[in-house]
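Chain letters run A, B, ... following the sequence lines, proteins first, then strands; residues in each count from 1.
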Amino acid sequence: MDSNHNRNQVMPLDLGWVMRARVNRSAVERRITSLPARRSIKKEWQAAWFLRAITCLDLTTLAGDDTPGRVRRLCAKAIQPLRPDMLTALGISDQKIHVGAVCVYPSRVRDAVEALKGTDIPVASVATGFPAGQTPLPQRIAEIEQAIEAGAREIDVVITRTHVLTGNWQALYDEVRQFRETCGDSAHMKTILATGDLATLKQVYQASLVAMMAGSDFIKTSTGKESVNATLEFGLVMARAIREYWERTGYQVGFKPAGGLSKAKQTLAWQAMMKEELGVDWLMPDLFRIGASGLLTDLERQLYHYITGHYAARHHMPMG
Amino acid sequence: MSILKTFETLDYGPAPESPAAAKAWLEDHKRKFGLFINNQWVTPPDSTYYPSYDPSSGEKLADTLQAGQAEVDAAVSAARQAFTSWGKTPGQDRARYLYSIARNIQKHHRLLAVLESMDNGKPIRESRDIDVPLLARHFYYYAGWAQLMETELDDYQPVGVVGQIIPWNFPLLMLAWKIAPAIAMGNTVVLKPASYTRLSALLFAEIIAEAGLPPGVINIITGSSKAGNMIVTHPDVDKIAFTGSTDVGRILRRQTAGSGKKLSLELGGKSPFVVFEDADLDGAVEGVVDAIWFNQGQVCCAGSRLLVQENVADTFLNKLKERMGHLRVGDPLDKCIDMGAIVDQTQWDTIDSWVKTGLKEGGELFQPDIELPKKGLFYPPTLICNLEPAAETVQEEIFGPVLVSLTFRSPSEAIALANNTRYGLAASVWSENINLALDVASKIKAGSVWVNCTNLFDAASGFGGYRESGFGREGGIEGLFEYLRPTWQARPRPEYDPNATQKKKTPWGETIPARPTLPGKDGMDGRALSQIDRTPKMYIGGKQVRPDGHYTRAVYGPRGGLVGQVGDGNRKDIRDAVEAAHAAHIAKPGWAMRHGFNRSQILYFIAENLSARQDEFADRLASMTGRSKKSAQEEVETAIKRLFTYAAWADKYGGAVQETTLRGITVAVNEPIGVIGIACPDEYPLLGFVALMAPAIARGNTVVMIPSQKYPLSATDFYQVLDTSDVPAGVVNIVTGDRDHLTKTLIQHEDVDSVWYFGSAQGSYHVEYESAVNMKRTWVSYGSKRNWLDQHQGAGHEFLHEATQVKNIWVPTGE
């Protein structure tokens, strides 16, 4: 994860700050309703934003039926996310356009590392008892170690939602801090809050703060396995927590929505929100990732439409 | 290659909405429009025209006609003609027409939105997502009330021909607010759009014709303020509804004074936006964006006065400034902007001069470093900090994208600052503490209060002002009463022409105090020695006080003999009474803050004590008026009934939950108006007094009563009843004397919130005319009498309506 900003550090847990958090749901919803309507992005701007979104993709496969072959196919798409003829038509064939990372289960890390050899695309691995996190702590930590050992440069950890739901911020902090210390300098850590499992938006904000105080490089909405995944409402609350953390500590923490993102139009809304709430820094892959699998095909189809003026057929886009 | 550059910068580009259809529509009309009368375009020869411009480009869009007297007459006559059938059309049939209009609006949604943005300069996002959907919503909503009118509002009839004058900031939405309730209730309409923004109303005219509305029900007249005057002063217009500035509202109040026309005014504001330390500050920052940078701040209810709790003020203002840097100002048809163009150069200049004033007043200016289009009437989002209430820019409405900010220390100071204004249109309160938020919402004097939200509108909720923000409501069931009249009541046609009597020797309301009277034929004759002299005093602040002027006036019996004497009140007695009435509000607990049960107990107690002295009151009535004992007894009986009626209403008229589109609760609270001055009729000296006092105090108002001038003794006897009935000091104050003289002081008193006048046509004219000084509400008789014994005329819903003003509190829910 190339970065031109200082990496977030483990900070002391500031419970006073956590307890002062205030989030008004209806105000959040109102912002989310109006924001995409205030930021319509069209034509070549849209094409450029879509291209940028591709570079922010954590191309993901997290399924029970993942095999080395499945992972290889995904990695090939990660390296060549757009058809060469489309790159030429866009006049950017000399640009190295590839996704931000490939995200897999720990057991598939080696397959991905192998498939991505010779590129600088990092492999991200979920860990710590993904997706539910209901595994004893030593195993969860061992999972991080094993993934790093297998070559993962990014670790997506899940938190113990129990700690949030019971208001045990100290336990949450201690746990995430241990995850972060385990990642050390070997891997960047994205902390999955599993917002769909949390009770209130205020808890989302508070959990975001604690995760950042405990040293997370990124905070991430969802595992993709909760019944509600990445919504703009969750995203807005987390982005605002990131902003407040940045204002108070000077550290820029990244953000990753994941789960339920399959349409190109959705990415524009997410990107506009990042730009409006946090700034352009948070549109680049070192601070913004989108966890998705099927989304790439839709981005390709929209770019095809931009190039040709024709609506594209799904089967004309190479599978990932 | 620009893609590559944008790939790095992630800039926004233009995202224009196509004006093609709107331009084609203008071309269909050769960019020249007539008037819409009887569902036809009327273009008299030799007419003059007025150009309509796109404020973002300066491009001329079209010419529209300047109506003259003949055209206004034609439109009013078309409306009158149509009223004869439309007013009798069953509500369920009218409902179908309104429904059809709503459907047709939706069919032409985008065209309406684009044209609106071109003509007004507002962002297409707003016209498309807010103005036009609400336009349709209002017709759907009021289609419902048309459907239900015969069963739910069977005590009412339509008013007749309604003249409506609307502003340029929400040309279509204001049109909907005016027209939908009017035609739903069976009225017909002559509407004049604002000069800057006439085109969408003309497009709307075609849409209603397409929807099949009968000719003459809606007539649209374009023209200057002269045409507006012609509508307002037209004798065959029964009601005027106006939205616009307080200054023009004042003029209309004076122009219609004494005419018997109903009037509703939705005027200016300087609405507070209150942020407490425990608010979701990021949410509140977005609230400010919606409050003051919606429609370029050209919104009557704009949250233009930011009040932030001192300990979070720096944090909040820094967040706000950061946010302002993200606002995009540009082409109204661009779908990637937040603010469009100011409607006209004149308005732009006004805004700019206010900002300069703010700087002179010591304000600290912040305008973000954002790009503005080189050409066109654009004004940057502006924040002026460090101002105090003494600054003009804190008090006056700017009507542009300019926010002033102040700080406060405590909830009570926040309420005091929020209410430190002539206006009372709206307020926004931000706190995550429901106890605090709802308490503050209940104490801010404004027609709409938004808790943790702002600038929300819906047809199911009334909108309108307190104080100088006007009177009357638009939206909800409360909005219907502006377009209804009780079935028993004809349109008043007062026999008083203010222009004809200007040379009258004694100006209205002037009087010379009374002198001693020689014994006459009846009354005190022969009884003077057998009775201890008993001259009633004024009743002010719960005490019997001598008149300030130390003059006494005689009360004569039916045959001209002296039956008693009362104090001859003057300006200072009124002043003292108003002070006492205010003190009764401030008292702890204030009269309005007492619960309805307590007020009802006191009203029952008054009734009980009056009943105990029934004979004495009947005798007094008989001796003063010469009426039979039976008739006098009937009056006393009815007065007791009225007290029971309003004891009943004291805890049954609190308001309603409005079924708006908000997820959460919108509560309509029927709040007291405040201090009401009441000049009582002569025809029922006791009943008239009680029938007016009782509803006023039942609903939490405090009153200054001017009893019947001719027969004041029933009222002065009555204060003994009040004294024994636990009525708190200052709730009811009684000042006897010359009715018009006392009324004149009351109506000119700027701390009186409403005046009810049951006297002459001339007095009614003056009351309405003078009320414009602080836009106090008025309720006058125009010199006509009502049958106070009749329960519809003497105790109808009208009394409760006049005793209250509706505040809508919006409380979104969800954690």
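If you measure heavy-atom distances from A:Leu35 to chain B, you find no contacts under 4.5 Å at all. Only the side chain of A:Glu29 comes within contact range of chain B, judged by heavy atoms closer than 4.5 Å. Interface residue A:Gln95: only side-chain heavy atoms are found under 4.5 Å from chain B. Both the backbone and the side chain of B:Arg328 come within contact range of chain A, with heavy atoms under 4.5 Å apart. A:Leu283 touches chain B through its side chain: at least one heavy atom from C-beta onward sits under 4.5 Å away, while N, CA, C and O do not. For a residue to count as touching a neighbouring chain, one of its non-hydrogen atoms must lie under 4.5 Å from one of that chain's; by this rule A:Arg52 touches chain B with backbone and side chain alike. Using a 4.5 Å cut-off between heavy atoms, B:Glu432 touches chain A through its side chain atoms alone. Only the backbone of B:Ala279 comes within contact range of chain A, with heavy atoms under 4.5 Å apart. Both the backbone and the side chain of A:Val23 come within less than 4.5 Å of a heavy atom of chain B. Contacts of B:Asp278 with chain A are made by both backbone and side-chain atoms, with heavy-atom separations under 4.5 Å.
For a heavy-atom cut-off of 4.5 Å, chain A lies close to B:Asn452, B:Thr454, B:Asn455, B:Leu456 in residues 449-456 of chain B. Proximity to chain A at a heavy-atom threshold of 4.5 Å picks out B:Phe7, B:Glu8, B:Thr9, B:Leu10, B:Asp11, B:Tyr12, B:Gly13, B:Pro14, B:Ala15 from residues 7-20 of chain B, in numerical order.
Every salt bridge (Lys or Arg N to Asp or Glu O under 4.0 Å) that A:Arg39 has, sequence neighbours left out, goes to A:Glu276, B:Asp338. Residues passing the ring pair (Phe, Tyr, Trp, His ring centres under 6.0 Å) test with B:Tyr379 are B:Trp348, sequence neighbours excluded.
Pairing each heavy atom of A:Lys275 with each of B:His326, the nearest pair is O-CE1, 3.2 Å. Nearest heavy-atom pair, A:Ala48 versus B:Ile3, reported as atom, atom and distance to 0.1 Å: CB-O, 3.4 Å.
By number of non-hydrogen pairs under 4.5 angstrom with chain A, the leading residue of B:Leu281, B:Asn318, B:Asp290, B:Thr813 is B:Asp290. Annotation: maximal heavy-atom pairing with chain A below 4.5 Å, among B:Gly814, B:Cys336, B:Gly283, B:Pro812, occurs at B:Cys336.
Separation of atoms CD (B:Glu126) and CZ (A:Arg38) is listed at 7.0 Å; rounding is to 0.5 Å. For the atom pair OG of A:Ser26 and CH2 of B:Trp810, the computed distance is 12.5 Å after rounding to the nearest 0.5 Å.
Counting only heavy atoms from C-beta outward, the side chains of B:Arg125 and A:Ser40 never approach each other to under 4.5 Å.
Looking only at distances, no side-chain donor or acceptor of A:Arg22 sits under 3.5 Å from a matching main-chain atom of B:Asp280.
The pair B:Asp282-A:Arg243 meets the salt-bridge criterion, since a charged nitrogen lies less than 4.0 angstrom from a carboxylate oxygen.
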